[in-house]
*Asks:* 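I have a structure here, written as structure tokens, and I will follow up with some questions on it.
Order of appearance sets the numbers: ligands from 1, and atoms from 1 within every ligand. Values below: every heavy atom of this structure, side chains too, minus hydrogens, waters and symmetry copies. Counting begins at 1 with the first residue of the sequence. Please read all numbers here as calculations on a predicted model, not as lab measurements.
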Amino acid sequence: MSDTSEGSTPTPQRNDTLATELIHHPYKPPADFESPAVPVFKGSTVYFPTVAALRERTWADKSGYTYGLHGTPTSFTLESRLASLEGAKHVILAPSGLSALTIVDMALLQQGDAMLLPDNVYNPSKDFARNELARWGISQRLYDPMQPASLAAQLDREVKLVWLEAAGSVTLEFPDLRALVRTVREKAPQAVIALDNTWGAGIAFNAFDLGEGLGVDVTIHALTKYPSGGGDVLMGSIACRDDALNDKLTWTHSRLGIGVGMNDVELVLRALPNLPLRYAAQDASARRIAEWAQAQPQVARVLHPALPGSPGHAHWASHCKAAAGLLTLEINAQYTPAQVDAFVDGLRYFHIGWSWGGPVSLAVPYQAKGMRKLATPYQGTLVRLCIGLEATDDLIADLAQGLARLAETAAPAADPALTATAG
Ligand SMILES: *Cc1c(COP(=O)(O)O)cnc(C)c1O
């Protein structure tokens with residue numbers, strides 16, 4: 001119904017010219033504004049000067065921009081810096097470390113194929129295989145990463161993807177990466193070798209060049225951890241050197257419609273220059289805490305690959321220059337899970353929560369029993385510690401007060417001699 005009330009002239013509509021003026025405004029950012037920060041370029045739509053340019057431009061080789069989902073100058077910059085970090089040629093960004101893992105699986109496997117995972121792999125990776133890949137007729141097999149013969153026994157023509165992880169999740173065993181890679185190359189040359197490089201972060205070792213002419217084909221990296229460094233970003237990356245492999249990964253990634261937000265990319269770009277400093281500081285602090293913890297009577301064993309006696313220490317020493325700030329305390333089996341939970345609850349500086357690589361130290365207890373499908377050489381409760389950037393002495397004092405309380409709660413009250421040694 002038209003508005004004819006009082007016969008007045010209709011109010012001019014705001015959209016007459018304002019909308020067009022607001023959009024086609026003359027402002028352009030200065031071309032000579034140079035600063036250390038990479039600008040945040042956002043966009044779903046990217047303009048093309050002509051229809052011919054729209055038809056011709058390609059993005060998969062990063063020679064141009066076509067659509068926000070395929071990247072902007074901001075994400076292309078992060079990808080190229082991560083390629084340098086990992087010693088790779090190509091990098092693809094994903095919205096989490098887990099999605100980086102699952103994209104690799106989806107790009108490289110089809111019905112009838114088998115995928116091999118180390119028994120100490122990041123657990124959601126097993127879960128994805130068991131619940132999603134299984135529905136598509138792709139099988140999962142587990143191997144003991146500390147026994148190359150266990151890997152060899154699982155390799156046959158069906159195996160198209162072998163995952164490695166160093167160090168393993170929670171229990172931090174460091175495998176003989178060169179022996180594992182050599183075994184796959186000899187017995188299953190058709191298989192792609194992928195490594196979850198979150199722990200090494202591109203700093204501890206070079207996954208693409210492990211020495212003796214050996215290297216992996218693909219790495220994934222949970223940028224959520226060290227590269228972000230703030231406990232405030234979720235992102236992952238997939239890196240490789242081979243062009244054909246990169247094409248496969250790129251097209252699967254693109255067809256799945258997976259992109260990342262440029263504000264998140266900016267946060268990772270901002271944190272990347274101080275990654276080596278943070279990694280070194282957390283490494284040094286974790287090693288001091290590991291050595292201290294090893295001498296505490298409530299701790300049966302400390303799992304930390306740089307610590308002599310920890311599983312795979314010799315392999316760590318032959319592959320690595322550094323270690324991440326992670327360690328796991330195997331608490332004496334005499335303490336009940338509830339007592340260990342209370343120990344973790346009572347820590348002051350260690351917060352309870354997932355992830356790592358941020359400024360705040362974190363602790364999570366795990367029951368060793370049932371954690372692995374293959375043999376579990378651990379007893380009692382494991383407490384995984386992620387060392388943040390606090391003063392190491394404060395963290396040691398915090399753990400000391402926690403362990404003292406643990407000893408009190410568990411000490412048989414009737415035996416003063418035992419209480420004294422446990423203190
Ligand atoms: C955290 C983590 C992931 C997953 O990263 P998200 O960004 O949390 O999805 C994968 N692998 C390892 C070893 C991790 O520690």
Side-chain angles (χ1 to χ4, degrees), residues 78 82 86 91-106 115 117-129 131-132 145 161-175 177 194-205 207 216 218-239 253 256 258-261 264-265 267-268 271-272 275 278-279 282-283 286 303-305 312 316 320 323-328 351-358 360-364 366 371-372 382 384-388:
L78 179 58
L82 291 171
E86 300 244 12
V91 166
I92 300 164
L93 296 176
S96 65
L98 181 55
S99 66
L101 280 165
T102 61
I103 289 164
V104 173
D105 292 349
M106 285 187 276
M115 170 172 84
L117 296 175
D119 197 19
N120 59 2
V121 76
Y122 176 68
N123 198 51
S125 188
K126 274 184 193 172
D127 238 34
F128 179 72
N131 295 294
E132 306 298 331
L161 177 60
V162 177
W163 278 100
L164 311 176
E165 195 167 317
S169 274
V170 184
T171 40
L172 298 168
E173 301 91 349
F174 204 98
L177 288 173
L195 172 107
D196 184 329
N197 204 18
T198 304
W199 182 93
I203 291 175
F205 61 95
V216 307
V218 185
T219 65
I220 75 96
H221 191 166
L223 307 177
T224 306
K225 309 287 166 53
Y226 284 110
S228 125
D232 55 356
V233 182
L234 286 157
M235 201 175 295
S237 61
I238 304 166
H253 173 265
L256 287 167
I258 287 172
V260 293
D264 287 347
V265 171
L267 289 176
V268 179
L272 219 48
L275 165 67
R278 289 184 282 108
Y279 195 88
Q282 286 167 320
D283 178 0
L303 305 172
H304 182 305
W316 173 83
C320 295
L326 291 177
L327 62 137
T328 294
H351 282 256
I352 301 161
W354 306 114
S355 200
W356 33 281
V360 178
S361 292
L362 299 169
V364 178
Y366 293 83
M371 236 183 122
R372 304 283 179 243
L382 305 174
R384 202 258 319 254
L385 300 177
C386 320
I387 304 307

*Asks:* Is there side-chain contact between Val104 and Trp163, with at least one heavy-atom pair below 4.5 Å?
*Replies:* yes
*Asks:* Do Phe205 and Leu177 come close enough that some side-chain heavy atom pair is under 4.5 Å?
*Replies:* yes
*Asks:* Can you find a pair of side-chain heavy atoms, one from Ser361 and one from Leu385, that are under 4.5 Å apart?
*Replies:* no
*Asks:* Which N or O atoms of ligand 1 sit under 3.5 Å from a protein N or O, and how far apart is each pair?
*Replies:*
| from | atom 1 | to | atom 2 | distance (Å) |
| --- | --- | --- | --- | --- |
| ligand 1 | 7 (O) | Gly97 | N | 2.8 |
| ligand 1 | 7 (O) | Thr224 | OG1 | 2.5 |
| ligand 1 | 9 (O) | Gly97 | N | 3.2 |
| ligand 1 | 9 (O) | Leu98 | N | 2.8 |
| ligand 1 | 11 (N) | Asp196 | OD2 | 2.6 |
| ligand 1 | 15 (O) | Lys225 | NZ | 2.6 |

*Asks:* Which heavy atom of Val91 sits nearest to which heavy atom of Ser237, and what is that distance?
*Replies:* CG1-CB, 4.0 Å
*Asks:* Quick one: does Met115's side chain get under 4.5 Å of Leu117's, heavy atoms only?
*Replies:*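 Counting from C-beta outward, Met115 and Leu117 do come under 4.5 Å.
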*Asks:* Could you tell me if the ring centre of Trp199 sits under 6.0 Å from that of Phe174?
*Replies:* yes
